[in-house]
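Here the structure comes first, spelled out in structure tokens, and everything after it is commentary.
Each chain gets a letter, A, B and so on, in the order the sequences are listed, and its residues count up from 1.
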Protein chains: 2
Amino acid sequence: MPHHGSLNGRREQLIRANLTAIHQYGLADATIARIARLAGVSTGIISHYFGGKSGLMEATMRHLLAELGRAVTERRQGLDADDVEGHVDAIIDGNFDSTQTNRAAMRTWLEFWASSMHQPALQRLQRVNERRLYSNLCHQFRKRLPPTQARDAARSVAGLIDGLWLRGALHPDGIDINGCRRLARENARFWLAQTH
Amino acid sequence: MPHHGSLNGRREQLIRANLTAIHQYGLADATIARIARLAGVSTGIISHYFGGKSGLMEATMRHLLAELGRAVTERRQGLDADDVEGHVDAIIDGNFDSTQTNRAAMRTWLEFWASSMHQPALQRLQRVNERRLYSNLCHQFRKRLPPTQARDAARSVAGLIDGLWLRGALHPDGIDINGCRRLARENARFWLAQTH
DNA sequence: GGATATTGATTGAACGTTCATTCAAACACA
DNA sequence: TGTGTTTGAATGAACGTTCAATCAATATCC
């Protein structure tokens, strides 16, 4: 039974402060001193709740991943199993959900991608996400296309989602969410219109 | 070694050592000491030639950009001005040139993208690159499509190039260069087949 | 029910490490 | 000898972690 700050409350507060710190200073300059100051607590508390800075980083990535999963799942609920266009659109829209396209989240994703190339813990998480997007799409396309084309379609739409997202993240004026969604949807429609 | 550390030779040697260091250790752990050791020189030499670590980083990004520009330009030489498919394919192929798809370059690009969000010098360089890819493509598509569709086509193909590249960079087994090129080309063909 | 013990959250200064930079000295060549 | 190159130890700043001390909220006991 926690006393004042409930355990999950503190953890979420620190994760949010971490996202803000990465957004404001970049991962390299997101020191625990700055993160703690943004959360209005002292430095020691981070090690207390996450066992160290890297624990907080992993928890932050898990947090973003969970929000992405939720954003997609919510949009797919209630859709008919035959409604391939509906499911594909839901997957596309979920990937451009506001939880994934705000500046702090985009900046953090970019930093985590780079870090994941040498941090096994982050690499595993990133890989789960990459495969989930691909196989979700592939599963839908297979309902309408032969396996080879379905694979190509899934690779293409997944790549387009990530690429449009990336270019939006790097663009100084920010990301054009509706434009991205429209182009990704158009690409999916192209593949689904293929006759086999 | 004697004087024969020609100024440009030394600089290129240090840039190459920097790429290797970022590949092996990641940007955060690519310290001056490690870079210098990989180049077989002492730490002070980096400040002597680049004025500091950030100077070396900027020079390294310029180096990658120059190689990308060369890879595209070479492939476009000798093509007819009417050959839209040829130019688009050259742009696509150049972006997946071996200078851009080796592990060290991919890792370094990722790190630089993340860093560029808070380093004005890197941000300018990154932006030049982003716009160049887009406007090169747009210029070609305009020869065949009305302006609105040409813009969409360019955004789509540019996004697909970057997205496929990104997913390849993050994939543990490495990037499938020919697969990426094929999918990007297919997407370009789709847009060019549109009737207006 | 009031006093006391227990628990777990929280603090922040101290510690040891690591890093980029600097610069006087050494060096190589013309 | 003079000039530009190279060295590497010294410097000081900054970082993450640790931990004894403090505090607030419950639990236990008489």
I need the [atom1]-[atom2] distance between [X] and [N], as an integer number of Å.
X: A/Arg37; N: D/dA14; atom1: CZ; atom2: C1'; value: 13 Å
X: A/Leu27; N: D/dG16; atom1: CG; atom2: C1'; value: 14 Å
X: B/Tyr25; N: C/dC19; atom1: OH; atom2: C1'; value: 15 Å
X: B/Phe50; N: C/dT22; atom1: CZ; atom2: P; value: 16 Å
X: B/Ile46; N: D/dT5; atom1: CD1; atom2: C1'; value: 15 Å
X: A/Arg11; N: C/dT10; atom1: CZ; atom2: C1'; value: 17 Å
X: A/Ile35; N: D/dA14; atom1: CD1; atom2: C1'; value: 15 Å
X: A/Lys53; N: D/dT18; atom1: NZ; atom2: P; value: 15 Å

Report the nucleotide, chosen from [options], that has the shortest atom-to-atom distance to any side-chain atom of [X].
X: A/Ile45; options: C/dG12, C/dA9, D/dC15; value: C/dA9
X: A/Thr43; options: D/dT6, D/dT18, C/dT21; value: D/dT18
X: A/Ile32; options: C/dT11, D/dT7, D/dT17; value: D/dT17

By nearest nucleotide on DNA chain D, pick out whichever of A/Ala28 and A/Ser47 is the more 5' one.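 By nearest-heavy-atom nucleotide position, the 5'-most residue is A/Ala28.
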
So what does B/Thr31 touch, heavy atoms closer than 4.0 Å: a base, only the sugar-phosphate, or nothing? sugar-phosphate

Against the six-membered ring of A/Phe141, is A/Arg151 placed for a cation-pi contact (under 6.0 Å from the centre, within 45° of the normal)? no

A/Tyr134 six-ring centre to A/Arg155 NZ/CZ under 6.0 Å and within 45° of normal: no

Side chain to side chain contact (heavy atoms under 4.5 Å, CB included) partner of A/Arg76, chosen from A/Asp83, A/Val88, A/Ile91, A/Asp89: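 Per the side chain to side chain contact (heavy atoms under 4.5 Å, CB included) rule, the option paired with A/Arg76 is A/Ile91, out of A/Asp83, A/Val88, A/Ile91, A/Asp89.
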
What's the shortest heavy-atom distance between B/Ile22 and B/Glu111, and which atoms?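 Between these two residues, the closest heavy atoms are CG2-CG, 4.1 Å.
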
With a 6.0 Å cut-off (strictly less than), is the heavy-atom count around NE2 of A/His171, excluding the residue itself, greater than 12?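 Result for NE2/A/His171: enclosed.
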
Report yes if a side-chain nitrogen or oxygen of A/His48 is closer than 4.0 Å to either non-bridging phosphate oxygen (OP1 or OP2) of C/dA9; otherwise report no.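 Looking at the OP1 and OP2 atoms of C/dA9, one of them is under 4.0 Å from a side-chain N or O of A/His48.
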
